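Taking it in order: structure first as structure tokens, then the write-up.
These numbers come from a predicted model, not from an experiment.
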Amino acid sequence: MKAAVAAAVVIGTALTTVATAQAAPEGPPLDVPAAALERSLDCPPDAFTSDAAPILLIPGTTLTAQENFFFTYEPAFRLRDRPYCALTLPNHAMSDIQVSAEYVVRALRTMADRSGERVKIVGFSQGGMIGRWALKYWPDTREDVDEVIGLDPSNHGTLDAYATCTPLTAGCAPALWQQQTGSRFLAALNSGPETYPGIDYTSISTPTDEIVVPNLPPAASSSLNTGEGRRANISTLDVCPVHVAEHLSMGSTDPVGYALVTDALDHDGPADPARIDRAVCTQLVHEGVDPVTGPTDFLAYSAGAVNQVLTYPHVAAEPALKPYATGSGDGGRSTDS
């Protein structure tokens, strides 16, 4: 009997050791106070009562979650009984993206824990890119994420930032520096694999994007091209050959972008343009957008974004990379190999 008990203890200890060894490292500690991280995530009361995987909505630069989604994706998701939470990044997503990424990390862990499901990320612009920073440097979150869907995500930055971040303007907001094509931030983000196995990636772009530039084939800024994750880089023109959309509409009311988002949410793997009903090409806005108040809401949303660009305090240079992103931190390096 004693021998059997001893054997069970040895086996149990061995299994625990193996499981511990296989667990993904958590990455660097979160420096943002826990209370601030908790306040940033807004989940409806029924967000975790469904058997469906919850969706994390992440807004673009210059925007809060409320400004980005209250008249667009939130009512659309409620129509379809899709469980979701919306994350507000600090300072209208204009400050250091490395700090904002901590909010994403906490949101992913919280939602996965509360739902018991892997989370689906739907993000616009910076919001479609920032999840990748979290996945890279906090490897444990890769187990919490099923899908990353980006609307005009700034995965490889924008040339526009060179005209915005100049000595004549005394620089620009930290997040604009970091989304400048060739920034240290983007070099770190895109070093190694851009995608991870077990996660599906859908990057949706419009060639007429005037903010994330260039978003044209063969090397659209939004595209993801390396790594073992299943991925699809889709232009709105792949669905509707004469469709014209600009950046802010893509992240809010655009019906083609929305159709691709919902296709990715409803199917295993990334979105597939072949599955989209071409009737979407005749629509002005997607479902959930109020035809009466929608135009006014869109104008207010656009005006708020412009106001942030014009009034947010400028810094003279790109924020320094955190030690964990340079390989000089302790225990916070990505596990890309």
Side-chain angles (χ1 to χ4, degrees), residues 32 36-44 47 54-79 82 84-97 99-104 106-107 111 121-131 149-154 158 160-161 164 172-176 178-179 204 206 209-212 222 245-255 257-258 261 284-313:
V32 178
L37 297 174
E38 185 175 351
R39 286 194 302 269
S40 69
L41 186 64
D42 182 25
C43 301
I55 302 161
L56 176 61
L57 290 167
I58 309 178
T61 310
T62 74
L63 300 165
T64 65
Q66 196 272 343
E67 291 165 342
N68 204 152
F69 302 120
F70 89 94
F71 70 106
T72 58
Y73 277 73
E74 290 187 6
F77 284 176
R78 288 194 295 269
L79 279 175
R82 298 185 191 274
Y84 71 88
C85 295
L87 180 66
T88 294
L89 303 177
N91 305 309
H92 284 78
M94 294 288 276
S95 50
D96 188 344
I97 299 174
V99 176
S100 296
E102 296 190 17
Y103 290 75
V104 178
R106 174 62 178 267
M111 292 176 66
I121 297 174
V122 174
F124 166 50
S125 195
Q126 181 191 146
M129 168 271 288
I130 193 172
I149 304 168
L151 289 155
D152 281 346
S154 52
T158 175
D160 276 6
T164 305
C172 59
L176 299 186
Q178 290 167 314
Q179 291 175 94
I204 304 163
T206 176
D209 192 333
E210 79 288 7
I211 301 298
V212 176
S222 291
E246 47 79 42
H247 190 69
L248 287 173
S249 66
M250 277 293 290
S252 56
T253 61
D254 187 77
Y258 175 78
V261 168
L284 297 179
V285 296
H286 64 71
E287 65 179 2
V289 178
D290 191 306
V292 176
T293 62
T296 302
D297 292 334
F298 183 82
L299 287 175
Y301 153 82
S302 302
V306 171
N307 180 64
Q308 285 297 316
V309 172
L310 294 176
T311 63
Y312 192 85

Notebook entry, point to check: Excluding sequence neighbours, so at least two apart, what forms salt bridge (charged side-chain N to carboxylate O under 4.0 Å, His left out) with Arg106?
Noted result: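 Partners of Arg106 by the salt bridge (charged side-chain N to carboxylate O under 4.0 Å, His left out) criterion come out as none, since no residue qualifies.
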Checklist line | Other residues, nucleotides, ligands: >12 heavy atoms within 6.0 Å of Glu287 CD | finding: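 Yes - once you tally the heavy atoms of other residues, nucleotides and ligands closer than 6.0 Å, there are more than 12.
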What's the separation between atom [atom1] in [X] and atom [atom2] in [Y], rounded to the nearest 0.5 Å?
{"X": "Leu63", "Y": "Tyr301", "atom1": "CG", "atom2": "OH", "value": "5.5 Å"}
{"X": "Leu56", "Y": "Leu41", "atom1": "CG", "atom2": "CG", "value": "6.5 Å"}
{"X": "Cys85", "Y": "Leu57", "atom1": "SG", "atom2": "CG", "value": "9.0 Å"}
{"X": "Gln178", "Y": "Ser95", "atom1": "CD", "atom2": "OG", "value": "8.5 Å"}
{"X": "Met94", "Y": "Ser100", "atom1": "CE", "atom2": "OG", "value": "11.0 Å"}
{"X": "Gln126", "Y": "His92", "atom1": "CD", "atom2": "NE2", "value": "12.5 Å"}

Sub-4.5 Å side-chain heavy-atom contact between [X] and [Y]:
{"X": "Ile97", "Y": "Met129", "answer": "yes"}
{"X": "Leu151", "Y": "Ile149", "answer": "no"}
{"X": "Thr62", "Y": "Glu67", "answer": "no"}
{"X": "Thr206", "Y": "Asp254", "answer": "no"}

Next item on the list: Could I get the full list of ring-ring contact (aromatic ring centres under 6.0 Å, His included) partners for Phe124, not counting sequence neighbours?
Entry: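 ring-ring contact (aromatic ring centres under 6.0 Å, His included) list for Phe124, sorted by chain: His247.
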Under 3.5 Å, which donor-acceptor pairs link side chains of residues 68-79 to any protein atom two or more places apart or in another chain?
unit_1, atom_1, unit_2, atom_2, d
Asn68, OD1, Gly60, N, 3.1
Asn68, ND2, Gly251, O, 2.9
Thr72, OG1, Asn68, O, 2.9
Arg78, NH1, Tyr84, OH, 3.0

How close do [X] and [Y] get, counting heavy atoms only, and between which atoms?
{"X": "Ile55", "Y": "Met111", "answer": "O-CE, 3.5 Å"}
{"X": "Asp209", "Y": "Val212", "answer": "OD1-N, 3.0 Å"}
{"X": "Leu37", "Y": "Ser40", "answer": "O-OG, 2.6 Å"}
{"X": "Gly294", "Y": "Val289", "answer": "CA-CG1, 4.2 Å"}
{"X": "Ala175", "Y": "Ala93", "answer": "CB-O, 3.4 Å"}
{"X": "Pro174", "Y": "Pro313", "answer": "CD-O, 4.4 Å"}

Check: Which residue, Asp160, Thr158, Thr164, Thr61, forms the side chain to side chain donor-acceptor pair (under 3.5 Å) with Gln179?
Finding: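 Result for side chain to side chain donor-acceptor pair (under 3.5 Å) with Gln179: Thr61.
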Next item on the list: Give the intermediate values and the outcome of side chain to side chain contact (heavy atoms under 4.5 Å, CB included) for residues Ile121 and Ile58.
Entry: CA-CA 8 Å; Ile121 297 174; Ile58 309 178; 3.8 Å; yes
